[in-house]
Number of protein chains: 2
Amino acid sequence: MAGNRRPAGRPRTRILNREVITSAARRIIAIDGVPALTMTRLAQRLSVTPSALYNHATSKQEILRWIEDSVMGEIDASAFETTDWHTALREWARSYRDVMSAHSELIGALATVEVAESPRTVAMYEKVAAGLAAGGWPIASVVPLILTLESFIYGAAFNDHAPENVYDTGELSDLAPTFARAVEAQRGRDLRAINHELFEIGFDAIVDQTAERAGVPMPATTASA
Amino acid sequence: MAGNRRPAGRPRTRILNREVITSAARRIIAIDGVPALTMTRLAQRLSVTPSALYNHATSKQEILRWIEDSVMGEIDASAFETTDWHTALREWARSYRDVMSAHSELIGALATVEVAESPRTVAMYEKVAAGLAAGGWPIASVVPLILTLESFIYGAAFNDHAPENVYDTGELSDLAPTFARAVEAQRGRDLRAINHELFEIGFDAIVDQTAERAGVPMPATTASA
DNA sequence: ACCTGAACACCGTTCAAGT
DNA sequence: ACCTGAACACCGTTCAAGT
């Protein structure tokens with residue numbers, strides 16, 4: 001028995017696991033972006049050979065899924081435990097938007113991945129689903145609502161990421177006089193601020209209409225922080 | 001003079017250009033997906049050596065931008081020429097959603113690219129901007145409206161692409177009983193149809209609220225095909 | 001059980017050499 | 001002006017060999 005335990009004083013050398021790999025990978029992405037995440041670079045950060053990683057992950061794709069779950073775990077759905085569903089849903093949506101916005105590089109990779117092996121992601125959805133159900137939403141309307149809001153949230157995160165000059169027409173402005181004028185009218189305005197303002201409008205619009213359609217009454221006291 | 005012209009009967013061998021490269025690339029993506037688009041594969045399709053492509057495009061990235069412009073050019077904004085802005089905007093949004101949905105693999109790559117060297121994209125935006133301006137929209141509200149709708153459209157296209165089982169919790173369903181039940185309640189229902197229905201709701205909600213805010217009256221006869 | 005080191009089949013891109 | 005062919009510096013992944 002005792003022979004199986006590592007001798008005292010000898011440093012542990014087996015340090016690779018999902019958690020440690022995920023956080024090293026996220027650090028690389030945070031510093032140098034998604035394209036910088038290579039198996040070689042990741043192995044270097046972990047003081048290990050690239051092939052060693054394959055003892056813990058079956059592929060780079062799997063590591064990307066770990067990262068996704070890790071990011072989704074940052075979304076704050078705790079408001080469902082403390083306030084009415086409408087307020088909680090808004091705070092969740094904002095948090096979701098902010099998290100996705102901060103990791104917009106990943107959106108393309110993340111959006112189509114299944115949720116099956118992603119414990120933190122599933123936990124997040126559970127909080128939302130439970131909160132909505134407790135708030136009077138019929139179970140059959142929960143997924144459609146989440147789907148629609150996610151649509152909007154992903155899109156909003158995209159726009160947050162968009163460079164200031166996405167709409168610059170460059171040499172083509174002669175061909176697009178009205179559009180060029182419309183773009184010019186935004187010059188100097190904070191696109192991000194506009195975007196966030198529009199997010200609130202869109203959120204209210206979607207939730208109000210969906211709730212009405214599902215026959216769900218608004219909570220008595222709707223805070224709108 | 002005559003000496004510069006290619007001799008009759010000799011086949012032209014210089015056939016590479018933006019158009020021909022773009023369409024070959026799109027065909028590869030259509031058949032085998034985005035990952036299958038490599039410079040080698042593209043060159044093969046064009047009966048040419050990979051390095052030959054670099055006489056026409058400065059990088060693979062540039063070719064991806066050509067593809068983006070080509071895809072955006074398929075969005076139908078012609079309704080602005082024939083009907084009121086509200087109906088036209090809806091038809092444009094549906095077309096945009098359908099085009100993005102059909103090319104959802106590209107969304108991640110496309111969303112952050114500038115519009116500067118993209119003539120068909122700019123032409124599409126011009127139709128929308130001109131139509132809105134003619135319909136009474138203040139020029140300063142045009143870009144914000146487009147931004148918000150694009151948010152929603154991209155998100156909706158994402159959801160169209162989502163596999164049926166995105167929300168399957170797998171072995172984790174014990175940890176997420178309510179969410180698992182909510183997902184189960186959708187089983188057998190056509191997610192795509194639900195998604196399209198919700199798209200209309202979201203669209204109306206966003207446009208109505210944004211128009212009201214901008215002080216734009218609805219057109220007298222709003223068709224809702 | 002886990003890591004190394006060599007190898008494999010690819011990538012995108014460059015560049016001298018040809019016509 | 002445009003294409004070829006060889007080369008370069010990478011990729012992700014596999015696998016026998018070690019401990």
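This structure is a prediction, so every number in the text was calculated from the model and none was measured.
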(request) Name all pairs fulfilling the side chain to side chain donor-acceptor pair (under 3.5 Å) condition that reach into residues 179-188 of chain B, sequence neighbours left out, sorted by first residue then second. (result) B:Glu184-B:Arg187, B:Gln186-B:Arg189

(message) Ring-plane angle category for A:Tyr96 and A:Tyr154, please: parallel below 30°, perpendicular beyond 60°, tilted otherwise.
(response) perpendicular

(request) May I ask you to decide if the ring planes of B:Trp85 and B:Trp137 are parallel, tilted or perpendicular, using 30° and 60° as cut-offs? (result) perpendicular

Output the rounded distance in Å from [atom1] ([X]) to [atom2] ([N]).
X: A:Glu62; N: D:dT13; atom1: CD; atom2: P; result: 11 Å
X: A:Leu64; N: D:dC11; atom1: CG; atom2: P; result: 15 Å
X: B:Leu46; N: D:dC3; atom1: CG; atom2: P; result: 10 Å
X: A:Arg41; N: D:dG12; atom1: CZ; atom2: P; result: 12 Å
X: A:Lys60; N: D:dG12; atom1: NZ; atom2: P; result: 4 Å

(request) Could you give me the CA-CA distance, side-chain angles and deciding distance for B:Leu89 and B:Phe80, then say whether side-chain contact (heavy atoms from CB on, under 4.5 Å) is met? (result) CA-CA 7 Å; B:Leu89 194 65; B:Phe80 284 101; 3.8 Å; yes

(message) So that I can compare with my own list, what are the stems of DNA chain C, taken as at least three consecutive Watson-Crick or G-U pairs with distances under 3.5 Å?
(response) C:4-8 with D:12-16, C:12-16 with D:4-8

(message) Would the distance check show the side chain of B:Asp69 and the main-chain N or O of B:Arg120 forming a donor-acceptor pair, the cut-off being under 3.5 Å?
(response) yes

(message) Give the residues of residues 17-35 of chain A touching DNA chain D, defined as any heavy atom closer than 4.0 Å, sorted by residue number.
(response) none

(message) Taking any heavy-atom pair under 4.0 Å as a contact, classify A:Leu37: base, sugar-phosphate, or nothing.
(response) sugar-phosphate

(message) What's the separation between atom OG in B:Ser78 and atom CE in B:Met124, rounded to the nearest 0.5 Å?
(response) 12.5 Å

(message) As an exercise, state the distance from OG1 of B:Thr210 to CG of B:Leu149, rounded to the nearest 0.5 Å.
(response) 7.0 Å

(message) Is the shortest side-chain heavy-atom distance between A:Gln61 and A:Arg65 below 4.5 Å?
(response) yes

(message) Between B:Glu126 and A:Thr178, is the side-chain hydrogen bond (donor to acceptor under 3.5 Å, both in side chains) condition met? List the steps.
(response) CA-CA 6 Å; B:Glu126 173 63 16; A:Thr178 312; 3.1 Å; yes

(message) Can you tell me which nucleotide in C:dC11, D:dG12, C:dT14 comes closest to the side chain of B:Thr38?
(response) C:dC11

Can you list, pair by pair, the side-chain donor-acceptor contacts under 3.5 Å of residues 20-41 of chain A, counting residues two or more places apart and other chains?
| unit_1 | atom_1 | unit_2 | atom_2 | d |
| --- | --- | --- | --- | --- |
| A:Thr22 | OG1 | A:Arg18 | O | 2.6 |
| A:Ser23 | OG | A:Arg27 | NH2 | 3.1 |
| A:Arg26 | NH1 | A:Ser70 | OG | 2.8 |
| A:Arg26 | NH1 | A:Glu74 | OE2 | 2.8 |
| A:Arg26 | NH2 | A:Glu74 | OE2 | 2.9 |
| A:Arg26 | NH2 | A:His103 | NE2 | 3.1 |
| A:Asp32 | OD2 | A:Arg41 | NH1 | 3.3 |
| A:Asp32 | OD2 | A:Arg41 | NH2 | 2.8 |
| A:Thr38 | OG1 | A:Arg41 | N | 3.0 |

(message) Below the 4.0 Å mark, does C:dC3 have OP1 or OP2 next to a side-chain nitrogen or oxygen of A:His56?
(response) yes

Polar pairs (N or O, both sides) under 3.5 Å between protein and nucleotides 4-8 of chain D?
| unit_1 | atom_1 | unit_2 | atom_2 | d |
| --- | --- | --- | --- | --- |
| D:dT4 | OP2 | B:Thr49 | N | 2.7 |
| D:dG5 | O6 | B:Ser51 | OG | 2.5 |

(request) Name all residues meeting the ring pair (Phe, Tyr, Trp, His ring centres under 6.0 Å) criterion together with B:Trp66; count only those two or more places apart in sequence or in a different chain, and write none if there are none. (result) none

